[in-house]
Amino acid sequence: MSIPKVFGALRGDRKPTRLAMWRFFRKRHPEVGSQPGTLVLAEDAAAPTIRVIDYDAETVEEREIEDLSELRSYVGRESVTWIDVQGLGDEQRIREIGEMFSLHPLAVEDLVHTPQHAKAEQYEDYTLIIAHMPAGGDETHIETEQVGIVVGRDYLLTFQERYGDVFDVVRDRIRHAGGPIRRRGPDYLCYALLDTMIDAYYPLLEAISDHLEGLEDRVASEPPQATLKEIYATKRELLAVRRTLRPQREAVTAIMRDENPLFSDAVRVYLRDCYDHTVQIIDVVDTYRELAVSLAEVYMSAISNQANEVMKVLTVMASIFIPLTFIAGIYGMNFAYMPELHHRHAYPVVLIVMGALALVMLVYFRLKRWIGPTSWKDRR
Amino acid sequence: MSIPKVFGALRGDRKPTRLAMWRFFRKRHPEVGSQPGTLVLAEDAAAPTIRVIDYDAETVEEREIEDLSELRSYVGRESVTWIDVQGLGDEQRIREIGEMFSLHPLAVEDLVHTPQHAKAEQYEDYTLIIAHMPAGGDETHIETEQVGIVVGRDYLLTFQERYGDVFDVVRDRIRHAGGPIRRRGPDYLCYALLDTMIDAYYPLLEAISDHLEGLEDRVASEPPQATLKEIYATKRELLAVRRTLRPQREAVTAIMRDENPLFSDAVRVYLRDCYDHTVQIIDVVDTYRELAVSLAEVYMSAISNQANEVMKVLTVMASIFIPLTFIAGIYGMNFAYMPELHHRHAYPVVLIVMGALALVMLVYFRLKRWIGPTSWKDRR
Amino acid sequence: MSIPKVFGALRGDRKPTRLAMWRFFRKRHPEVGSQPGTLVLAEDAAAPTIRVIDYDAETVEEREIEDLSELRSYVGRESVTWIDVQGLGDEQRIREIGEMFSLHPLAVEDLVHTPQHAKAEQYEDYTLIIAHMPAGGDETHIETEQVGIVVGRDYLLTFQERYGDVFDVVRDRIRHAGGPIRRRGPDYLCYALLDTMIDAYYPLLEAISDHLEGLEDRVASEPPQATLKEIYATKRELLAVRRTLRPQREAVTAIMRDENPLFSDAVRVYLRDCYDHTVQIIDVVDTYRELAVSLAEVYMSAISNQANEVMKVLTVMASIFIPLTFIAGIYGMNFAYMPELHHRHAYPVVLIVMGALALVMLVYFRLKRWIGPTSWKDRR
Amino acid sequence: MSIPKVFGALRGDRKPTRLAMWRFFRKRHPEVGSQPGTLVLAEDAAAPTIRVIDYDAETVEEREIEDLSELRSYVGRESVTWIDVQGLGDEQRIREIGEMFSLHPLAVEDLVHTPQHAKAEQYEDYTLIIAHMPAGGDETHIETEQVGIVVGRDYLLTFQERYGDVFDVVRDRIRHAGGPIRRRGPDYLCYALLDTMIDAYYPLLEAISDHLEGLEDRVASEPPQATLKEIYATKRELLAVRRTLRPQREAVTAIMRDENPLFSDAVRVYLRDCYDHTVQIIDVVDTYRELAVSLAEVYMSAISNQANEVMKVLTVMASIFIPLTFIAGIYGMNFAYMPELHHRHAYPVVLIVMGALALVMLVYFRLKRWIGPTSWKDRR
Amino acid sequence: MSIPKVFGALRGDRKPTRLAMWRFFRKRHPEVGSQPGTLVLAEDAAAPTIRVIDYDAETVEEREIEDLSELRSYVGRESVTWIDVQGLGDEQRIREIGEMFSLHPLAVEDLVHTPQHAKAEQYEDYTLIIAHMPAGGDETHIETEQVGIVVGRDYLLTFQERYGDVFDVVRDRIRHAGGPIRRRGPDYLCYALLDTMIDAYYPLLEAISDHLEGLEDRVASEPPQATLKEIYATKRELLAVRRTLRPQREAVTAIMRDENPLFSDAVRVYLRDCYDHTVQIIDVVDTYRELAVSLAEVYMSAISNQANEVMKVLTVMASIFIPLTFIAGIYGMNFAYMPELHHRHAYPVVLIVMGALALVMLVYFRLKRWIGPTSWKDRR
């Protein structure tokens with residue numbers, strides 16, 4: 001499955017920048033000391049679009065909401081109402097939705113101020129869940145997007161930062177009459193969304209795996225130091241994913257463990273499965289991080305090996321020729337009385353001595369394995 | 001938001017020194033073995049100024065106290081009384097305030113002896129909270145200041161080390177009739193102060209983030225070793241912030257968890273929000289530390305890369321010219337019988353041989369990628 | 001015991017590839033967001049073969065099942081029925097088996113989607129256990145295979161990814177009338193399988209131990225840098241084994257601790273033994289990892305030592321001959337008035353001076369222990 | 001406060017040796033397998049001196065005990081009796097004191113065999129506390145001494161290894177009529193001693209802080225490698241302090257938490273304060289260790305930087321002069337037919353070519369920033 | 001106390017080999033999948049000798065057992081019977097002893113299959129304890145031997161791998177009438193054995209301490225790289241000891257905590273003492289490991305320092321003489337028109353210039369502190 005297929009055309013054109021990670025941890029926050037519940041919207045936040053899917057075992061109704069008053073008719077219905085808000089760029093609308101479902105101001109704040117840590121908080125009539133889904137990215141970068149979920153007795157709200165998501169498959173399952181999701185309540189829908197978000201990490205991790213494998217192959221051929229930086233970047237990226245997912249695991253545990261009347265025992269079994277998937281993804285991330293560390297070690301030793309190699313070449317060259325040059329220097333001196341100079345065979349004798357000296361050095365360095373086959377083999 | 005704006009003109013002129021961090025951990029402490037409750041004032045402690053804000057849903061009264069006896073009239077009132085003491089330089093006055101509110105001598109000691117670890121301790125009639133707020137600093141240094149809070153049934157005391165704080169927004173919210181803070185007790189005020197202190201870390205962490213990004217950019221252009229020291233300093237600074245905030249998180253948890261009659265359930269919900277913020281700040285600090293470590297690794301590999309580069313230049317130069325110089329040395333010898341010297345074409349032949357030798361060496365080094373494009377690309 | 005003997009001829013021919021570890025962590029997973037319980041079969045999954053062993057204290061019946069309807073006759077019998085499914089390549093058949101024993105769809109999913117983390121989950125009428133057995137490999141690689149076990153009141157199902165396993169010894173113990181396994185229920189059979197899987201790691205770890213010892217010996221003779229990479233690979237492999245076994249230990253603990261009516265107290269004593277073995281294997285793996293780290297340190301210091309050695313040779317050679325060459329250069333100058341040139345003994349005097357200078361340098365370097373016996377001893 | 005002032009003249013002359021730390025962990029221990037309760041005295045243990053302070057709210061009696069029978073009169077008195085034994089060099093006397101207060105033989109063994117880990121053990125009628133106080137040292141070494149405390153219903157015993165301690169301030173507080181210590185029991189006295197011991201670490205840690213600051217300054221001026229060793233030694237020292245204090249913190253917790261009838265609730269509040277101080281000291285120690293690590297990193301990078309610098313100088317010198325020398329060598333050859341030699345302007349042309357070549361090299365190295373201002377700045 | 005004295009002549013002659021540690025972790029194990037309780041004897045296991053000491057407060061009986069039927073008379077006696085089996089080389093005999101005392105087959109397996117992790121397991125009528133005692137070794141190697149202890153109501157069995165042990169002092173204490181050990185049951189005897197095993201580590205750790213101190217001294221004189229390998233080996237050895245002792249500590253805790261009717265409260269107090277000793281030994285081991293790491297760091301920095309030193313010598317020599325040689329080369333050229341050559345004072349002037357140049361270089365390098373006193377001091 002290709003990544004674009006997962007995230008849809010909406011996500012495909014956004015190129016993650018080098019600074020993405022830095023910015024990730026810059027939570028939007030209200031003026032220091034301002035009243036709790038103050039909403040601060042991201043400058044580039046999109047205008048919210050609201051889509052409603054209302055279903056029970058027999059019927060499905062799906063529509064886009066323009067006027068919030070249309071929404072009011074869904075409150076208190078027996079059927080399951082999934083209200084999906086994409087884009088958080090209109091404070092007034094979001095506040096109104098919050099009031100319609102009697103959400104605590106702090107809950108609304110958590111939904112809007114992104115990124116929050118994943119968490120599950122139980123209020124009197126509803127449960128607030130903050131989770132993150134992957135929202136595009138490539139083999140060197142995983143972008144995530146916050147999804148706020150409010151699970152009530154007969155409704156489920158989702159608040160997404162941006163247009164487009166990974167939930168189309170869930171929507172298809174709802175549209176398809178007779179599927180198990182139609183016979184169950186908002187708790188099961190919540191499970192389906194959480195599970196989908198987790199599963200969406202798999203293709204991204206596979207891309208990272210391919211990337212690391214590619215880097216490993218490059219060591220075998222030649223050790224370019226630039227690769228090291230790439231490895232460190234991947235390690236950093238995996239760390240960011242880990243930081244995102246660890247609280248999400250805790251949140252799923254919290255829903256499972258707490259005596260939450262909104263979640264039935266049957267759905268808890270499914271949540272255990274979702275929990276297992278989260279643990280597995282985290283484990284894969286940890287393994288990849290260790291592989292990245294291991295790769296970095298291999299590269300580091302390759303670099304230090306290369307430095308040794310360079311040193312050996314220098315030393316062998318210098319050690320052979322410096323003494324020979326010295327001998328040549330001796331017989332280049334202009335002393336008046338240097339009897340050797342006038343011997344008939346002096347010149348060839350000196351040449352032979354030089355050759356012998358060079359040979360001795362070569363043999364010595366070969367014995368030390370600084371030159372020749374072994375050294376060559378070591379290099380790879 | 002610029003940092004000076006947050007901390008006011010009072011803080012703007014103080015330049016954090018290199019030694020600040022060292023001194024941070026030098027708690028003021030009484031003579032070894034002296035009686036518990038002995039107060040030791042910092043030598044440069046400012047004289048205390050006392051400001052009172054007394055409010056209930058209808059009225060607000062705000063005044064500066066000169067004579068402690070004026071304070072007595074606020075004890076036991078129904079309204080919420082916030083007594084804000086800035087500057088801890090007068091033992092007598094502080095002791096008197098403590099007696100007025102029947103504080104335990106050890107509690108008073110904790111308020112005065114700075115810096116203490118953040119903590120929350122429940123006494124019979126009041127809760128003592130020690131927390132830290134950022135008190136200025138720039139992208140390479142975060143200065144913090146201890147704030148001691150005593151929460152009683154109808155009063156709240158704050159003890160600050162120095163003049164000026166980040167609480168002006170809270171004061172404005174109190175002055176503004178009809179805000180939720182006016183309808184609630186000292187527990188909510190305490191939450192508002194704690195939350196404001198935490199939020200005040202955000203702009204500082206953003207400055208550090210900018211700083212680290214700047215350092216990252218410098219690697220790309222050229223790897224100066226001095227940057228490494230700056231990275232280590234930032235890492236150290238982040239560590240200090242972490243050490244300050246971790247106990248603060250525990251303190252907030254303690255207030256939430258303990259069966260403290262002074263804090264209502266409604267306020268506990270807000271404290272959970274404050275707890276989330278603290279966790280998030282700590283997480284951001286951890287992430288920045290890991291980024292600093294990652295940056296340091298990149299720099300280290302850049303430095304070792306540079307050393308390799310230097311070595312290669314030396315080796316290439318020496319390996320090419322040393323043998324050539326040797327050949328020149330040979331024909332510089334003054335032997336009487338060196339037949340080559342008298343050949344007509346000997347000189348050009350030798351020059352050609354030398355050139356060929358140099359070429360062979362160059363090709364060899366190019367094949368090893370010690371010179372040429374790849375090596376050049378690696379360098380960045 | 002040789003490894004082929006343990007794993008049988010079926011495993012012997014498969015050569016673990018370098019990419020094996022990478023792929024290990026690529027769990028097969030259904031389309032993102034698809035319905036829970038959707039089965040995704042590995043592309044190369046083998047067609048399932050089903051073998052039944054049905055036994056009680058008196059009788060043993062063993063047969064291969066072609067038609068699933070044959071299986072139905074075993075359901076509800078008093079005797080213990082072990083149904084062993086090898087190969088997971090037929091969705092329909094596996095789903096039918098699951099329905100026959102009323103398995104939860106998620107349980108079936110866990111059995112089929114490999115690799116899963118080891119775990120033990122208690123359902124109403126049965127316990128699902130996921131474990132891993134070694135499935136071949138050599139001294140540089142341990143391949144593992146998932147075994148899914150379902151323990152019911154009077155039956156035990158095993159689902160294996162591939163043909164062939166390590167359970168033949170258990171089958172022999174069942175065939176052998178009068179053994180304790182014949183007098184006990186599926187809980188004891190489950191213990192026997194788990195214990196066999198753990199014990200099968202011993203010969204593989206011995207192979208790794210031999211391998212590491214071999215690497216240690218190579219340091220003593222000569223320090224080739226290529227060995228380092230091998231050490232890192234072994235460390236990585238051990239890490240993968242640890243990751244596989246740690247959840248398996250937790251799974252055994254879970255069966256022991258939970259109030260599981262399917263496991264008798266007598267079998268719990270045996271499980272404690274199995275737990276001890278798992279802990280011991282993990283401890284051996286940890287020890288080997290630390291030894292690998294220690295070996296890498298020794299190699300690293302050997303490499304840096306070798307670099308020092310190279311540097312010393314270069315420095316000694318250059319420091320001795322460069323000054324001498326300079327002196328020779330002086331008397332090679334062609335100045336018209338160089339009185340020394342015409343002294344009768346100038347030439348021998350200069351030679352003696354040169355010799356003396358070389359001697360002084362040699363003594364100096366010897367005193368610094370850069371040359372001579374000590375340096376030689378250090379090299380190994 | 002200077003260190004000699006804290007520890008008195010008795011301690012001032014003892015110079016901590018390099019081996020002190022090694023020996024610290026050599027616990028005195030009886031012959032292997034000997035009966036429990038066997039006392040083994042240090043060879044250089046001083047003869048015990050016994051000082052008694054007996055006090056209640058009205059009276060204080062202070063005397064030195066020569067004959068143990070004098071001690072018997074204090075047993076069972078209503079007033080608080082502090083029996084302070086300094087020096088553990090007389091087995092018979094210590095055993096007799098133990099019997100007088102019905103101490104368990106193992107408790108006596110713990111008091112005498114030093115150093116023990118700090119701990120608090122509750123026996124039927126008394127509580128045994130082992131703690132450590134600083135006993136001298138300077139900025140590179142903290143020496144500690146074990147103090148064994150036995151807290152009974154109306155008495156408190158202290159056993160110190162050597163003469164002299166940090167308790168004189170406590171004694172003064174007892175002598176001073178009307179202090180709170182006079183109105184309370186042995187539990188408060190125990191707290192006062194524990195708190196004094198902890199506070200006595202502050203001046204030593206300040207000395208270490210000064211020392212580390214001094215080392216930091218040295219990096220700025222010049223990077224001598226010897227400093228590194230000093231940093232490692234300080235790190236090691238701080239580690240030893242940490243190891244001493246961590247169990248002491250646990251011991252204080254144990255007294256606070258246990259349902260120990262010997263300690264009143266009022267004193268527990270004070271112990272919480274003492275606990276806070278211990279935590280703070282440990283935190284300071286941890287911070288200093290991290291600073292030491294950070295300093296070591298800075299030094300390591302300074303050293304590697306220096307090595308780079310050296311390499312660059314060598315490379316620049318060699319790269320410039322080796323080609324020039326080669327050219328000079330060419331025209332030093334003695335070929336009969338070298339037409340250039342006889343050109344009138346050949347010599348100056350060659351000199352100019354050489355100069356140009358040198359200039360090109362210099363510009364090249366300057367562009368690479370191997371020479372010139374930047375490189376110079378980097379060096380510091 | 002010398003090590004041979006502790007371990008007796010039996011142990012003295014066995015030389016620990018380099019491979020000992022590797023082999024330590026090769027547990028003897030039965031054929032994979034074989035029946036639980038199958039005994040696998042070490043190939044070199046000695047034939048078991050059985051010694052019985054039967055004692056109560058009045059009488060002691062000591063004898064060597066040849067025929068197992070003699071043993072039967074001790075079963076069920078009121079007195080305490082210590083049956084000590086040394087050597088595990090006879091499956092039949094060990095199985096018979098197990099049956100005589102109704103031991104569970106898995107318990108017998110644990111006693112025989114060595115090495116097991118230390119543990120304490122409570123069976124219905126007896127407690128099984130696996131512990132390790134040091135069994136010889138020197139300053140670079142600690143050999144350990146498994147001791148299996150079975151504590152029953154009126155008997156205690158010990159199973160040792162080899163002849164000879166550290167228990168002779170305990171035997172002497174039993175023989176000596178009137179000692180406390182004679183008045184107590186097998187629980188106290190068990191304590192005495194465990195405590196003796198722990199105490200036997202002290203002399204070995206002292207040998208290691210001496211060894212490390214010796215290595216530390218060697219840094220001061222000269223830094224041979226071979227020492228590093230020795231340090232790593234010691235670190236590894238200490239790690240192995242730690243791994244052996246940590247589960248032993250847990251085992252002692254388990255006996256203390258569990259509601260084990262076989263251990264009286266009085267003996268639990270002694271076990272607490274034994275626990276303290278174990279913790280202390282582990283702490284000493286940890287400290288030594290940290291010292292070894294610290295030493296390795298010092299050595300590493302010494303090596304890198306030495307490399308710097310070598311580099312500096314090379315650079316200084318080359319930088320001084322290469323330019324001078326170049327100048328000499330210039331005036332060695334054979335151009336027809338080189339006016340300087342014919343100046344009367346040209347030769348001395350050139351010599352003076354050369355000298356001045358050398359001087360400038362020397363001063364430059366001195367200012368950089370590459371040569372001279374400081375550099376010299378740094379070297380140590």
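Here is the naming used below: chain letters follow the sequence lines, and residue numbers restart at 1 for every chain.
Side-chain atoms of D:Met300 and E:Met300, non-hydrogen and from C-beta on, never get closer than 4.5 Å to each other. The shortest distance between side-chain heavy atoms of E:Asn308 and D:Val310 does not fall below 4.5 Å. Counting heavy atoms from C-beta on, the side chains of E:Thr325 and D:Phe321 never come closer than 4.5 Å. Contact check for E:Gln280 versus D:Gln116: side-chain heavy atoms found under the 4.5 Å cut-off. Considering only heavy atoms from C-beta on, D:Asp110 comes within 4.5 Å of E:Asp273 through its side chain. You'll find the side chain of E:Met333 stays beyond 4.5 Å of the side chain of D:Ile327, heavy atoms only.
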For the pair D:Leu351 and E:Ile330, evaluate side-chain contact (heavy atoms from CB on, under 4.5 Å) and give the outcome as yes or no after the intermediate values. CA-CA 9 Å; D:Leu351 284 186; E:Ile330 297 241; 3.7 Å; yes

Is there a side-chain contact (heavy atoms from CB on, under 4.5 Å) between E:Trp370 and D:Val313 once you walk through the steps? CA-CA 12 Å; E:Trp370 290 5; D:Val313 167; 3.7 Å; yes

Step-by-step side-chain contact (heavy atoms from CB on, under 4.5 Å) determination, E:Asn305 to D:Ile303: CA-CA 8 Å; E:Asn305 192 14; D:Ile303 287 175; over 6 Å; no

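With sequence neighbours excluded, the residues forming a side-chain hydrogen bond (donor to acceptor under 3.5 Å, both in side chains) with D:Asn334 are B:Asn334, E:Asn334, listed by chain and number. Residues satisfying the ring pair (Phe, Tyr, Trp, His ring centres under 6.0 Å) test with D:Tyr331, not counting sequence neighbours, are E:Phe335. Residues forming a salt bridge (Lys or Arg N to Asp or Glu O under 4.0 Å) with E:Asp168 (at least two apart in sequence, or on another chain): E:Arg171.
Contact detail for E:Pro323 and D:Met317: the closest heavy-atom pair is CG-CE, 3.6 Å.
Taken from OG in E:Ser301 to OH in D:Tyr232, the straight-line distance is 5.5 Å, to the nearest 0.5 Å. If you take CZ on E:Phe326 and CD1 on D:Ile320, they are separated by 11.0 Å, rounding to the nearest 0.5 Å.
Residue E:Val293 does not touch chain D at all, counting heavy-atom pairs closer than 4.5 Å. In this structure, chain E has no heavy atom under 4.5 Å from any part of D:Val316. With a 4.5 Å cut-off on non-hydrogen atoms, E:Phe365 touches chain D through its side chain but not through its backbone.
Cation-pi check for E:Arg272 over D:Tyr123 is met; the charged atom lies under 6.0 angstrom from the ring centroid and within 45 degrees of its normal.
A distance of 6.0 Å or more separates the ring centres of D:Tyr347 and E:Tyr337.
No side-chain N or O of D:His117 forms a donor-acceptor pair with one of E:Asp276 less than 3.5 Å apart.
Contacts from residues 338-346 of chain D to chain E, taken as heavy-atom pairs separated by less than 4.5 Å, involve D:Glu340, D:Leu341, D:His342, D:His343, D:Arg344, D:Ala346 in sequence order.
For CZ of D:Arg246, the number of neighbouring non-hydrogen atoms (other residues, nucleotides, ligands) closer than 6.0 Å is 12 at most.
The only option from D:Lys235, D:Arg242, D:Arg243 that meets the salt bridge (charged side-chain N to carboxylate O under 4.0 Å, His left out) definition with E:Glu290 turns out to be D:Arg243.
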